[in-house]
Amino acid sequence: MHNSVIDSSLGKNKISIKIGNPLVIFLNGADSFDTEQTFRPIIEQLPNSLGILAIDYLNVGLSGLAQKDYTLEEQSEEFINFIKSLHPKRIIIVAHSIGGIYAIRLANKLSNVTDFIGIEPTTKEIVTNPPKKLSYINAMQKYADKSSEEMEIIVNNWIYDNFSKSLANLIWQTSLNNGKRSINHIAIDIEKSINKNDKYKLRKSIKSIIFTEPFRSAEYSRSEYKTDDTDLYKFGNFHYLHWKYPDKIAEKIIELI
């Protein structure tokens with residue numbers, strides 16, 4: 001696997017890529033982390049025959065700065081065009097958090113997407129009308145009173161608790177190097193993008209596997225990620241389930257191939 005870029009008028013997206021079949025695409029959440037680095041414990045368990053494409057969004061990870069304001073659809077189109085250029089026979093998408101929003105757009109435009117693995121992917125419901133249950137309120141307020149300095153310590157602990165020291169050093173340094181870069185402006189675009197698209201859902205024919213904390217299971221059962229063939233796995237109490245349980249994610253990818 002080697003690093004490269006998707007170079008467009010929007011900017012330079014850093015990617016990690018290996019040619020193979022099927023092609024497994026990894027999409028991160030809206031964080032400062034590099035996608036390949038945080039998914040590496042999963043990727044290392046996969047057969048060498050698989051293709052890998054791990055994409056960093058603009059302004060985060062090891063990508064460059066956005067050269068202009070852009071919409072979620074514009075960024076998705078750049079990804080789609082690049083993926084098409086690889087001529088993959090079959091595609092599996094693995095997406096965490098906001099990566100799920102990108103995944104739906106990719107799946108709707110790429111007919112060879114056959115499988116989706118979502119790790120607490122962002123739902124339309126959580127964006128537009130979050131459940132009022134106490135479990136959701138508690139989750140949203142858990143870190144609400146923390147200062148930026150306190151959150152930096154908490155995230156640092158998460159990283160060093162879940163990755164080897166050498167990989168944790170890489171992930172943390174990438175995060176620090178990003179400084180105040182972010183894709184927060186995309187968050188403003190998400191609700192508008194979701195609401196104007198009546199077909200915002202995974203195709204029914206796609207195999208969908210969702211990993212979630214137990215309190216969100218009903219949300220995903222009625223979500224746009226539910227297809228005619230959906231498996232829901234409920235465990236843990238941590239939004240970054242792939243950090244804590246990489247073996248479980250890798251096992252499901254291997255089963256799909």
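None of the values given here were measured: they were computed from a predicted structure.
Contact check for Phe82 versus Ile15: side-chain heavy atoms found under the 4.5 Å cut-off. At least one side-chain heavy atom of Ile17 sits under 4.5 Å from a side-chain heavy atom of Leu86. Counting only heavy atoms from C-beta outward, the side chains of Lys124 and Ser223 never approach each other to under 4.5 Å. Considering only heavy atoms from C-beta on, Asn3 comes within 4.5 Å of Lys14 through its side chain. At least one side-chain heavy atom of Asn129 sits under 4.5 Å from a side-chain heavy atom of Lys132. Counting heavy atoms from C-beta on, the side chains of Asn162 and Phe238 come closer than 4.5 Å. Residues Ile253 and Leu46 meet the side-chain proximity criterion, which asks for heavy atoms closer than 4.5 Å. In this structure the side chain of Ile257 reaches within 4.5 angstrom of the side chain of Pro22, judged on heavy atoms.
Alongside Leu134, the hydrophobic cluster contains no other residue (criterion: ILVMFWY side chains under 4.5 Å).
A centroid separation of 6.0 Å or more is found between the aromatic rings of Tyr245 and Phe211.
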- Verdict with reasoning, Tyr240 to Thr38, per side chain to side chain contact (heavy atoms under 4.5 Å, CB included): CA-CA 10 Å; Tyr240 298 85; Thr38 53; over 6 Å; no

- Decide side chain to side chain contact (heavy atoms under 4.5 Å, CB included) for Gln45 and Ile249; before the verdict, give the C-alpha distance in whole Å, the side-chain angles of both, and the deciding distance to 0.1 Å. CA-CA 10 Å; Gln45 298 184 56; Ile249 313 296; over 6 Å; no

- Check the pair Val127 / Thr122 against side chain to side chain contact (heavy atoms under 4.5 Å, CB included), numbers first and verdict last. CA-CA 8 Å; Val127 172; Thr122 302; 3.5 Å; yes

- Message: Test side chain to side chain contact (heavy atoms under 4.5 Å, CB included) on Ser32 and Thr174; report intermediate values, then the result.
- Response: CA-CA 7 Å; Ser32 57; Thr174 299; over 6 Å; no

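Interatomic distance, Ile43 CD1 to Gln37 CD, rounded to the nearest 0.5 Å: 10.5 Å. Atom OG1 of Thr123 is separated from atom CD1 of Ile101 by 8.5 Å, given to the nearest 0.5 angstrom. With rounding to the nearest 0.5 angstrom, the CG atom of Leu167 is 14.0 Å from the CH2 atom of Trp172. Put simply, CD1 on Ile210 and CG on Leu241 are 12.5 Å apart, with the number rounded to the nearest 0.5 Å. In this structure, CD1 on Ile6 lies 7.5 Å from CD on Gln75, to the nearest 0.5 angstrom. Rounded to the nearest 0.5 Å, atoms CD1 (Ile91) and CG (Asn112) are 4.0 Å apart.
Judged by distance alone, the side chain of Ser63 and the main-chain N or O of Asn59 form no donor-acceptor pair under 3.5 Å. A donor-acceptor pair under 3.5 Å links the side-chain atoms of Arg203 to the main chain of Val113, judged by distance alone. Asp7 places no side-chain N or O within 3.5 Å of a backbone atom of Lys12 that could act as its donor or acceptor partner. Within the 3.5 Å criterion, the main-chain N or O of Leu202 finds no donor-acceptor partner in the side chain of Lys204. Side chain of Glu74 to main chain of Thr71: a donor-acceptor pair is present (N/O by atom type, distance under 3.5 Å, no hydrogens or angles). With hydrogens and angles ignored, the 3.5 Å screen pairs a side-chain donor or acceptor of Ser76 with a backbone N or O of Leu72. Checking side-chain atoms of Gln173 against main-chain N and O of Leu170 turns up no donor-acceptor pair under 3.5 Å. With hydrogens and angles disregarded, a donor-acceptor distance shorter than 3.5 Å links the side chain of His96 to the backbone of His239. When atom types are taken as modelled, the side chain of Gln67 and the backbone of Leu65 share a donor-acceptor pair closer than 3.5 angstrom. Remark: side-chain polar atoms of Thr227 are paired, donor with acceptor, to backbone N or O of Ile206 under 3.5 angstrom.
Between the side chains of Glu219 and Tyr136, at least one donor-acceptor pair of N or O atoms lies under 3.5 Å. No hydrogens or angles considered: nothing links the side chains of Tyr200 and Asn108 as a donor-acceptor pair under 3.5 Å. Residues Glu120 and Ser97 have side chains that never bring a donor and an acceptor to within less than 3.5 angstrom of each other. Using modelled atom types and a 3.5 Å distance limit, the side chains of Lys252 and Tyr233 yield a donor-acceptor pair. Side chains of Glu78 and Asn13: a donor-acceptor N/O pair is absent below 3.5 angstrom, by distance only.
In Asn48, the CG atom is not crowded: 12 or fewer heavy atoms of neighbouring residues, nucleotides or ligands sit closer than 6.0 Å. Taking a 6.0 Å sphere around CG of Asp145, one finds it holds more than 12 heavy atoms contributed by other residues, nucleotides or ligands. In the displayed structure, Lys18 atom NZ is contacted under 6.0 Å by more than 12 heavy atoms of other residues, nucleotides or ligands. Within 6.0 Å of the NZ atom in Lys165, the count of heavy atoms belonging to other residues, nucleotides or ligands does not exceed 12. For Met140, the CE atom sits in a loose shell: 12 or fewer heavy atoms of surrounding residues, nucleotides or ligands are nearer than 6.0 Å.
Checked against ring-ring contact (aromatic ring centres under 6.0 Å, His included), Tyr220 has no partners two or more places apart in sequence or in another chain. The salt bridge (charged side-chain N to carboxylate O under 4.0 Å, His left out) test applied to Glu224 returns no partner, not counting sequence neighbours. Residues passing the salt bridge (charged side-chain N to carboxylate O under 4.0 Å, His left out) test with Asp231 are Lys207, sequence neighbours excluded. With sequence neighbours left out, the side-chain contact (heavy atoms from CB on, under 4.5 Å) criterion links Ala54 to Ser16, Phe26, Thr35, Glu36.
Under the 4.5 Å side-chain contact rule for hydrophobic residues, Phe116 and Ile98 share a cluster. Transitive grouping of hydrophobic side chains (ILVMFWY, heavy atoms separated by less than 4.5 Å) keeps Ile55 and Met1 in distinct clusters. Neither Ile92 nor Ile25 shares a network with the other; the hydrophobic side chains, linked directly or stepwise wherever heavy atoms of I, L, V, M, F, W or Y lie under 4.5 Å apart, form separate groups for each. Leu50 and Ile42 fall within a single hydrophobic cluster, where Ile, Leu, Val, Met, Phe, Trp and Tyr side chains are chained together by heavy-atom contacts under 4.5 Å.
Heavy atoms only, all atoms of each residue included: Ala95 and Gly100 are closest at CB-N, 3.6 Å. Lys234 and Pro214 get closest at one heavy-atom pair: CB-CA, 4.1 Å. Between Tyr57 and Gly99 the shortest heavy-atom distance is OH-CA, 3.3 Å.
Ion pairing of Glu77 with Arg105 is absent here, as no side-chain N (NZ or NE/NH1/NH2) approaches a carboxylate O to less than 4.0 Å.
When each of Ile117, Val24, Leu27 is checked for a side-chain contact (heavy atoms from CB on, under 4.5 Å) with Ile93, only Leu27 meets the rule.
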Pairs under 3.5 angstrom only: tabulate donor-acceptor contacts from the side chains of residues 152-161 to other protein residues two or more places apart or in another chain.
residue, atom, partner, partner atom, Å
Asn157, ND2, Ile153, O, 3.4
Tyr160, OH, Asn169, OD1, 2.6

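In this pair, Trp243 and Phe33 present their aromatic rings perpendicular. The plane angle is above 60°, beyond the 30 to 60° band.
In this structure, Lys201 forms no cation-pi arrangement with Tyr225, as its terminal cationic atom is not both closer than 6.0 Å to the ring centre and no more than 45° off the ring axis.
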